[in-house]
Structure formats: structure tokens, C-alpha cells
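Notes follow once the structure below has been shown.
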Amino acid sequence: MLADIEHVKRLVVEAGDRAREGWGAVEAETKADQTLVTCVDRETERFLADSLEEAYPGYGFVGEEFGRRGPTDAPLWACDPIDGTTNFVVGLPHWCVSVGLLHRGRAVLGVIYLPALDELYWGALGEGAFVNGERMRAPDRDAIGYEDPICLTSNSLKTLNAGALAGRLRCVGSIAAELAATARGSLCATVGLQEGIVDMAAAFCLCHEAGCVARHLAGPDLDLGALVEAKRTTDHFVVAPPRLASYLQRTLRPRAQSSGAA
């Protein structure tokens, strides 16, 4: 083990419980990319970065708000202090603290905590994935049924032929929470676009340990090493158990873009 999962769980829960005090009661600013940020995002990232650096001084760290620091050739903590900041600001419960550990192109550890729902997800490579102590395993299937809930993130809903799916479409506003729910089997899959490595690092470990794959919608498995360098995905991807991922790859296509002509 490259890190003590119990110690990381305690840090993430402490960070989440602190953050919950500002849930629905904090002012937000708009960043250059038009997303929201609050003082809670910044304070939470500082707490996690400093705590992890103290415990693992030879590791790197990359966060949503302050970028990357530390060595580039060592295990890398990837943190989104509040994933789902819009939900956090307006008082919706689907927001979380997410910390993952990446090493040699693999997600080797992940912890995600949803304070408003009292849900703690964690996993480690080769050790399984869990939610509140219960082991997770995502059930596979060959197609989407009428009542099967599937997540298409906001960007995917706007750009894919979502009407080709028979299932119930869901988008809860936090990719980390959506992927954790996929690992749990509460969502049968998540399809995304333009999501950051800091948002997904922890969830990739959970999903892998629960039996899911992470693939480009139009091609091969995601390369996590390349994703760290690119910082976010640039094309559609799917996270699902293998047979279902293949079905979604065959079924979903980008919608034709409107020319804007009258």
C-alpha cells in the first residue's frame, strides 16, 4: 500500500464535515472558465494538501483550485475539495470531497465523502471498493432497460443522441458522486465529457474495483497518465461494466451541430 486508507478516510471526512458548515450559506465567485468557486473550496484544498504533504512528504499533489505542486515523478494525490460546487452553493445535497492517489498511470486509492448524504466511499487497488462499509459490485448487462438509471453529465446531454437510450436519464451535478453511484450500481453507467482528472481520480479507483471500465466512447480505455498531463478529458467517455460499456459505445453518437442558418 502506498498510503494508509484509514488515515485518508479520516482526513476526507474531517474536510467534508468542516465544509458542510458552509453548505447553502456561502457566497460564490465565478472563475475564468465560468464555473463557481467559494472560500470553502479553497480552505478545504489547503487543509487536504497540507495534511497529505505532512503525512506523505515525497508525494505530489494536484488540486482543483491551486494546481500542482511537489515532485512530478512520485505518487500523485489528485483532489477536488468540493466537487459539485454549484450544488453546494444552492443547497442541493450532491456534492462531495474527493481524494485519489495516482501512480504509474493507475488509480491506486480513492476516497469520496458526501457529507449531506452521510455516504463515505473508498477503495484501494486490489482491495475492493466500499460504501459505508458495504462492498460494492456494479452489475453488468447487455443493454439499457426502460427503468435503468444512467447518468449523462451536462456536457454529454447537450452533445449526444441521448434519445437513443431507453433508460432513465440522470445528471446530479458532481462527476465524482455520479461515478461513485455507478460503482455502487445505483446508476448503471456514467457518460461524460470535459471532466477533470482531479474530479475523477478517486472515483476511477472505486469503479475499477467494482468491476467497471473507463473508455473513450469512440475507442480504447482512458490513459490516466495522459489525462494527468491534459488535466481533463477532451472527448466523450463512458464508465460502466464491460458489456454495458460496449453497448453504449455502439449506441451513443455525437449529435450534428447546428449551423445557425435561418
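Excluded from the calculations below are hydrogen atoms, water molecules and symmetry mates; all remaining heavy atoms, backbone and side chain alike, are included.
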For Arg18, check side-chain hydrogen bond (donor to acceptor under 3.5 Å, both in side chains) against everything at least two apart and list the hits.
Glu14
Who pairs with Asp148 by side-chain hydrogen bond (donor to acceptor under 3.5 Å, both in side chains), at least two apart in sequence or on another chain?
Arg141
Is the closest basic N to carboxylate O distance between [X] and [Y] below 4.0 Å?
X      : Y      : answer
Glu65  : Lys31  : yes
Arg135 : Glu127 : no
Glu178 : Arg170 : no
Glu29  : Arg42  : yes

Pairing donors with acceptors under 3.5 angstrom, does anything connect the side chains of [X] and [Y]?
X      : Y      : result
Thr153 : Asn155 : no
Asn132 : Tyr121 : no
Asn87  : Ser174 : no
Thr159 : His236 : yes

How long is the span from the CG atom in Asp221 to the CZ atom in Arg215, to the nearest 0.5 Å?
6.0 Å
Quick one: OH on Tyr113 to CD on Glu119, what's the gap to the nearest 0.5 Å?
10.5 Å
Just say parallel, tilted or perpendicular for the rings of Trp95 and Phe88, cut-offs at 30° and 60°.
perpendicular
Could you pull out the closest heavy-atom pair between [X] and [Y], with the gap in Å?
X      : Y      : value
Val198 : Cys79  : CB-O, 3.5 Å
Leu206 : Gly110 : CD2-O, 3.9 Å
Pro115 : Gly16  : CG-O, 3.5 Å

